[in-house]
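Presented below is the structure to which this report refers.
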Protein chains: 2
Amino acid sequence: MARPRFLKLPPQQQQAILRAALEEFAAHGFHDASLNRVIEAAGISKGSMYYYFDGKEDLYAYVAQTEFAGLFERVGPPPDFDAGDAESFWSALEDYYRQLLQALAASPQLAAMLRGWSAAAKNPAFQEVQGELEQASVPWIEQALAAGQKVGAIRDDLPASLLIAVALGMGEAMDLWLMSQPVDPGSLPAQVHGLIDMMRGAFAPRGPAQQAGNAIL
Amino acid sequence: MARPRFLKLPPQQQQAILRAALEEFAAHGFHDASLNRVIEAAGISKGSMYYYFDGKEDLYAYVAQTEFAGLFERVGPPPDFDAGDAESFWSALEDYYRQLLQALAASPQLAAMLRGWSAAAKNPAFQEVQGELEQASVPWIEQALAAGQKVGAIRDDLPASLLIAVALGMGEAMDLWLMSQPVDPGSLPAQVHGLIDMMRGAFAPRGPAQQAGNAIL
DNA sequence: ACACCCTTTAGACCACTGGTCTAGACTGGT
DNA sequence: ACCAGTCTAGACCAGTGGTCTAAAGGGTGT
């Protein structure tokens, strides 16, 4: 994850490399990004690049981590999900999700990288990197799940791994859908509400009356 | 999509090429699969391969399409979703989904290809191919959605494109989760029931009492 | 039997990829 | 002045997907 030597570089050169890499990865995704182009755009030699980073994956992981860290820093820490009742849990989640999306909309390159992230993460060679990053950017899903179960907002009749997988899948689909829409700050809250409402329907505990989803019947 | 010449080949040689390609793609995914290895394994020359197929993507798309078609043929056509009430809609969906999964479990190579499919499909160069295949294998999601709305089993307060996107995302996550579990035919029905129950919670219409998910409150 | 044309095959060749390696430039310490 | 360690440049490597040319087959008309 970025040889320490890299951090000793003058920040200006660090920035040049990072900017070139971000641009390339955002434009082409991980696989079709060309390390040679990054090297050329950054104005360094191949030897230097491999002196600072272990390789393409390492560079990608570092850029992604850095950018994500910046995003979460801009938004601030997640609220305490496990203080209050189920109702406040869901509204806190909705608020936080909306803030994240607004921040993401402000950095289109990061959004583009995220779009290709899940594809890259399926590469077996990436699971190690993904593990590191999941502990740095996705962990709050796991925590939020546990917190939700504690306050009775989330069902506990299914395996946690399944809940996490489906939550990630839904989240990814929602993010992609939102990013494919024209960005309208005015309607975003309503859209986010609809999304969280679907999550709530999927993950809320089932009442004694079999399923809760069919209130219309 | 597979030059017509290919179809005029003796079936035996078609099989040899298809088997080699399926094996390679299943083992390495689209990107890391080597066309040269496929050529070697199939025992043909590079010129012949490019004479029969437009390129790597074309070969992949053809193999995927062929295998999927075989799967759907094995399972049979989907039932009529729009006959009956909401309750029968959901149980028909559950049955059909379970049958598909059982068939999929019987062909591990197809399962492996599917695992890498969504990753490959995110490549812009693939959207054309994906479009063709979505019309061949996923269209019933769209139809099922419309049918479900007709019988009052599916909400219609959100854009259809969003429902489709989320349904695809949830489906993909569920498939991947199931394929990562040890296959236990005995517990599969219960797992499928849990998955459909989550879908139901997300997509069922909301009753007049705001949300239906919080029946526990 | 010959010539003709179209289909098919073989594989050399191309630009490019990520990654390795070596030779040397630069630096600070003695 | 010498040496050791840090850093840089870029030639080089095996492998990639894809193109292209030259020749081999195979059928048909004469």
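Computed from a prediction, not measured in an experiment: that's the story for all the values here. Each chain gets a letter, A, B and so on, in the order the sequences are listed, and its residues count up from 1.
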Rounding to an integer number of Å, can you tell me how far [X] [atom1] sits from [N] [atom2]?
| X | N | atom1 | atom2 | answer |
| --- | --- | --- | --- | --- |
| B:Lys56 | C:dC16 | NZ | C1' | 14 Å |
| B:Gln13 | C:dT9 | CD | C1' | 11 Å |
| B:Phe53 | C:dT8 | CZ | C1' | 15 Å |
| A:His28 | C:dG18 | NE2 | P | 11 Å |
| B:Asn36 | C:dT17 | CG | C1' | 13 Å |
| A:Phe25 | C:dG18 | CZ | C1' | 11 Å |

What nucleotide, of C:dT8, C:dG18, C:dG11, holds the atom closest to the side chain of A:Lys46? C:dG18
B:Tyr51 or A:Ala33, whichever maps to the more 5' nucleotide of DNA chain C: B:Tyr51
Measuring centre to centre across the rings, with the benzene-like ring taken for any Trp, is A:Phe6 within less than 6.0 Å of A:Tyr51? no
With sequence neighbours excluded, what pairs up with B:Arg98 under the side-chain hydrogen bond (donor to acceptor under 3.5 Å, both in side chains) test? B:Asp95
With a 4.0 Å cut-off on heavy atoms, is A:Gly55 in touch with a base, just the backbone sugar-phosphate, or nothing at all? sugar-phosphate
Under 4.0 Å, counting only non-hydrogen atoms across every strand here, what does A:Tyr52 touch: a base, just sugar-phosphate, or nothing? sugar-phosphate
Check whether the side chains of B:Tyr97 and B:Asp175 place a donor and an acceptor atom closer than 3.5 Å, and report yes or no. yes
Could you give the distance from [atom1] ([X]) to [atom2] ([Y]), rounded to the nearest 0.5 Å?
| X | Y | atom1 | atom2 | value |
| --- | --- | --- | --- | --- |
| A:Tyr50 | A:Lys56 | OH | NZ | 9.0 Å |
| B:Ile196 | B:Tyr96 | CD1 | OH | 12.5 Å |
| A:Tyr62 | A:Arg3 | OH | CZ | 14.0 Å |

Quick check for you: name the first and last nucleotides of DNA chain D, 5' to 3', having an atom under 4.0 Å from a heavy atom of chain A. D:dT6 to D:dG10
Can you check whether A:Ser34 has a side-chain N or O nearer than 4.0 Å to OP1 or OP2 of C:dT17? yes
Which residue pairs pass the side-chain hydrogen bond (donor to acceptor under 3.5 Å, both in side chains) test with at least one member in residues 34-49 of chain A, sequence neighbours excluded? A:Glu24-A:Arg37, A:Asn36-A:Lys46, A:Ser45-A:Ser48
